[in-house]
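Heads up: the structure comes next, in C-alpha cells.
In this text, all values refer to a predicted model and were calculated from it rather than measured experimentally.
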Amino acid sequence: MKKISLQIQTNQLTEPINNDKMIVVVGVIAIIFVVVVAYLIHIDLRLKKQEKKNNDSKSN
Amino acid sequence: MMNWWKILSVVLILYSIAAGLLGNVPDLPILEQTIRNLFFHVPMWFCMIALMVASFIYAIFSLSEKPESNKIAIQTNFSKNSLNDLHSSCFASVGMTFGIAGLLTGMIWAKNTWGAYWVADPKLNSAAIGMLLYSAYFVLRSSIDDEEKRARVSAVYNIFCLPIYLVLIFILPRLTDSLHPGNGGNPAFNSYDLDNNMRLIFYPACIGWILLGFWIAQLKFRLKKIEMSASN
C-alpha cells in the first residue's frame, strides 16, 4: 500500500486565545502544582527524620 | 547540595507550564491551540519509559544477586535482593501512574483533534496493551506471598515486559497506518517546529517530569523500606 506523507510547514506563530484568562489558568495550575510539591517536601522531610531516628536507634 | 535535582525538576515544570500555556506556538490547521498539550502529554510517556527502564535495571540487579550472599545488609535488616526488588516495584508503580496521565492527556487531545476520546489506532491500542502488561506485573506480585520467590518471578516478568512494551509503542505502530504523529508515515512534531521555539519548552518539560517521577519513586521506596523495617 502506498503511504502518503503530509508535511505541513509553517513559520507562523500564534499566541494563546484570550491571554488574560490563560494567565489565570496558568496561575491556578501553578498553585496546584506548588501545593503538590509542598506535600512531597513534607513527606521527604518526615522520612528523613524517621530514617535518622532508625539509624540512631540501631547505632545505640 | 544533594537535593539540587528536586529543585531543578520543580523549576523546569513550572517553567514549562507557564511557557507552554502562554508562549507562542506554530499556527497549524486541526491542531491549533491543542498543540500546547505536546508539553504535557509526551513528557508523561517519556517519564513512564524512563521509570520503567530504571525498574528493568533493578530487576536485573535483583536477579544477579545470589541468594546466599543476600544477608549482607545487617544494619538495615534487608537483603540486597529485597531492596533491589523494592526499587524495581516502586519505579514500576510510579511509571504506571505517569502512563495513566499520558493516556488521559492523550485522550483529551484526541477528542479535540480527532473527535473521539479513543479511536481504533495501532498506537493507542498498543499503549493500552502495554499498560495492561504492566498491570499484570502488579497482579503477579500480589499473588506471591514468599518474598524471595516474588522478587525473582516478578523480576523475570519485568525483564520480558520492557522490550515487549517498547516494541508495542515504538515499532508496531510504525509498520501500519496510524493517525498518531510520528507513526504510519505521519510527520512527528519536530517537522512542525521549524524555528525551534517548542523545543525550548519541550525538552525542559521532559527533564522536569522525569526528575519528578524519580523523586516520587524515591519517596515511595523510602516509605516502603521504613514500613518493612517496622514490620521486621
Side-chain angles (χ1 to χ4, degrees), chain A, chain B residues 2-3 6-7 9-11 13-33 35-36 40 74-77 174-178 181 184-188 190-195 197-198 208 212 215-216 218-227 229-230:
Chain A
M1 193 168 78
K2 193 184 171 189
K3 281 184 181 172
I4 300 164
S5 174
L6 178 69
Q7 189 162 336
I8 305 157
Q9 298 202 335
T10 176
N11 274 327
Q12 201 183 331
L13 296 175
T14 178
E15 287 180 350
I17 299 167
N18 211 337
N19 216 345
D20 292 343
K21 263 189 187 169
M22 278 309 284
I23 290 169
V24 176
V25 170
V26 169
V28 171
I29 294 172
I31 288 167
I32 293 168
F33 180 69
V34 167
V35 169
V36 172
V37 168
Y39 178 64
L40 289 179
I41 292 168
H42 165 73
I43 296 173
D44 206 330
L45 294 175
R46 212 182 63 186
L47 287 174
K48 210 171 266 179
K49 210 184 271 179
Q50 186 65 40
E51 283 163 352
K52 198 167 176 278
K53 213 165 107 181
N54 286 358
N55 285 339
D56 288 347
S57 66
K58 270 186 189 115
S59 61
N60 289 333
Chain B
M2 295 294 284
N3 294 325
K6 296 173 187 171
I7 298 165
S9 80
V10 175
V11 171
I13 292 170
L14 282 173
Y15 160 73
S16 70
I17 291 170
L21 294 177
L22 296 174
N24 293 340
V25 288
D27 190 10
L28 297 166
I30 303 170
L31 284 170
E32 293 168 2
Q33 293 289 327
I35 198 169
R36 294 176 193 280
F40 305 97
I74 299 161
Q75 65 187 90
T76 53
N77 297 326
R174 282 181 164 81
L175 300 177
T176 180
D177 292 329
S178 174
N186 290 328
N190 53 8
S191 59
Y192 298 144
D193 186 24
L194 296 182
D195 50 8
N197 257 359
M198 292 176 76
L212 186 80
W215 183 13
I216 296 170
Q218 188 213 50
L219 288 178
K220 195 172 165 69
F221 168 76
R222 286 163 61 197
L223 190 67
K224 290 261 179 195
K225 197 175 150 191
I226 288 171
E227 282 172 6
S229 68

### Summary
Looking only at heavy atoms, the pair that brings A:Lys48 and B:Asn3 closest together is NZ-ND2, 3.7 Å

### Task
To the nearest 0.5 Å, tell me how far A:Leu47 CG sits from B:Lys225 NZ.
11.0 Å

### Message
Let's test your reading of the structure: which of B:Val10, B:Ile216, B:Ile17, B:Asn24 forms the most heavy-atom pairs below 4.5 Å with chain A?
### Response
B:Asn24

### Message
For a 4.5 angstrom cut-off between non-hydrogen side-chain atoms, does B:Leu14 reach A:Val37?
### Response
no

## Note on the structure
Assert top hit (heavy-atom pairs under 4.5 Å, partner chain B, pool A:Ile43, A:Asp44, A:Ile23) equals A:Asp44

#### Entry: B:Phe40 vs A:Ile29, side-chain contact (heavy atoms from CB on, under 4.5 Å): CA-CA, chis, key distance, verdict
CA-CA 12 Å; B:Phe40 305 97; A:Ile29 294 172; over 6 Å; no

### Task
Could you go through the side-chain contact (heavy atoms from CB on, under 4.5 Å) check for B:Arg222 and A:Gln50 one step at a time?
CA-CA 10 Å; B:Arg222 286 163 61 197; A:Gln50 186 65 40; over 6 Å; no

### Query
How close do B:Ile13 and A:Phe33 get, heavy atom to heavy atom, and via which atoms?
CG2-CZ, 3.5 Å

### Message
With side-chain contact (heavy atoms from CB on, under 4.5 Å) as the criterion, how do B:Leu212 and A:Leu40 come out once you've worked through the C-alpha distance, each side chain's angles and the decisive distance to 0.1 Å?
### Response
CA-CA 10 Å; B:Leu212 186 80; A:Leu40 289 179; 4.0 Å; yes

